[in-house]
Amino acid sequence: MSEPATDDRVLLITGASSGIGAATARAAAREGWRLVLAARSIDRLSELSKELGGAGRALAVQCDVCEWDQQQAAVAAALSEFGRLDAVFANAGFGAKRGFLNETPEFWREMILTNVYGAALTIRASIPALTESRGHLLLTSSVAGRRVLPGSLYSCTKHAVTAMGEAARADLDGTGIRVTLIEPGMTDTPFFDSPPSDGMLQDDDIARAVIYALSQPPHVDVNEILIRPTAQSG
Ligand SMILES: NC(=O)c1ccc[n+]([C@@H]2O[C@H](COP(=O)([O-])OP(=O)(O)OC[C@H]3O[C@@H](n4cnc5c(N)ncnc54)[C@H](OP(=O)(O)O)[C@@H]3O)[C@@H](O)[C@H]2O)c1
């Protein structure tokens, strides 16, 4: 597939209805990307789609990342509406209270399925189209995916995402697909019920890192970007 004109490139984002995903959609739209916005909250995706110029520029697709058929449908929507898929940002996820006696087993199951199985399904669904475009796969891990947080099963899920990025890069070597891990520190999004500290990162700070990775020439693979707020030591 030939190098697309800037305004033709297509980026699919999971978890696009809020926080880092929505901020990345806005930043990528400013850079000329066409977007596929995926999450469960179709109402919020539709609002964002309108804000970004309508379905011809930003297509809203309801997708629970734990459902294989819905992940396949999101990629199929990108190809049928836009004719190509150049980048995929596997970003959907959520956290849990620390402590192995906290939360319910059912909540743990949902979190592990969303953060780990969901990201793996996004990779699986998008590899054929990204191989065709010699595209770019990005995954949201976390500082918690690089250091173990006490009692945090969430941290364990993000270690799995970090490993998945490394495993995918090795698996996809030779295809021309680039793989980037985005590893945010504390970022002020609805991820937190209430902001745990002052001086947190903003969603747009992470979006700029995604745009930086996406903006490199084809021979440059930014492997990972770990970002902490200046005031976060751990
Ligand atoms: N905020 C932080 O400090 C921080 C730090 C490091 C890493 N992260 C990671 O950054 C990513 C984005 O989080 P955020 O901070 O932007 O929080 P957020 O505002 O709560 O966004 C989470 C997004 O994930 C989507 N999502 C959750 N479950 C889903 C599912 N089953 N299927 C599809 N989409 C699903 C949500 O959309 P719907 O509810 O509409 O489906 C929402 O769009 C997550 O992977 C998170 O672990 C966050």
Side-chain angles (χ1 to χ4, degrees), residues 12-27 35-49 60-75 88-98 106-123 125 138-147 149 152-162 164-165 180-207 209-210 224-229 231-232 234:
L12 185 157
I13 302 174
T14 70
S17 62
S18 174
I20 291 167
T24 301
R26 292 187 176 99
L35 294 153
V36 179
L37 310 169
R40 294 166 303 178
S41 309
I42 190 67
D43 48 344
R44 279 191 277 162
L45 294 178
S46 299
E47 282 301 309
L48 185 57
S49 164
V61 177
Q62 191 165 34
C63 173
D64 181 335
V65 293
C66 302
E67 299 297 332
W68 174 232
D69 58 339
Q70 294 180 30
Q71 293 250 23
Q72 288 178 293
V75 170
V88 173
F89 185 25
N91 166 73
F94 62 89
K97 287 192 192 78
R98 293 189 200 180
E106 293 72 27
F107 189 90
W108 278 2
R109 183 200 299 273
E110 286 306 307
M111 180 180 68
I112 293 167
L113 283 175
T114 303
N115 295 3
V116 182
Y117 179 64
L121 290 183
T122 304
I123 295 171
L138 305 98
L139 301 123
T140 307
S141 177
S142 173
V143 167
R146 277 296 179 198
R147 57 179 291 267
L149 305 183
S152 173
L153 187 62
Y154 169 73
S155 176
C156 301
T157 69
K158 289 299 178 179
H159 275 72
V161 175
T162 302
M164 217 182 297
T180 301
L181 282 160
I182 303 292
E183 299 164 340
M186 282 193 294
T187 307
D188 189 5
T189 72
F191 179 91
F192 295 104
D193 294 333
S194 55
S197 68
D198 294 334
M200 296 168 78
L201 296 165
Q202 301 301 309
D203 50 17
D204 196 49
D205 297 325
I206 310 305
V210 175
E224 58 186 319
I225 306 182
L226 174 64
I227 313 165
R228 286 183 174 86
Q232 181 179 331

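Atoms within each ligand, like the ligands themselves, are counted from 1 in listed order. If you read the sequence from its start, that first residue is 1, and numbering goes on from there.
The immediate protein surroundings of ligand 1, defined as residues with any heavy atom under 4.0 Å of it, consist of Gly15, Ala16, Ser17, Ser18, Gly19, Ile20, Ala39, Arg40, Ser41, Arg44, Cys63, Asp64, Val65, Asn91, Ala92, Gly93, Thr114, Thr140, Ser141, Ser142, Tyr154, Lys158, Pro184, Gly185, Met186, Thr187, Thr189, Pro190, Phe191, Phe192.
In this structure, the separation between CG on Leu35 and CG on Leu45 is 11.5 Å, given to the nearest 0.5 Å.
Using a 3.5 Å distance cut-off with no hydrogens or angles, the side chains of Gln71 and Thr122 do pair a donor with an acceptor.
Here the closest heavy-atom approach between residue Ala74 and residue Val36 is recorded as O-CG1, 4.2 Å.
With sequence neighbours left out, the side-chain contact (heavy atoms from CB on, under 4.5 Å) criterion links Ala119 to Leu139, Met164.
Side chain of Asn115 to backbone of Phe94: a donor-acceptor contact under 3.5 angstrom is found. A donor-acceptor distance shorter than 3.5 angstrom exists from the side chain of Thr14 to the backbone of Ala92, with no hydrogens or angles considered.
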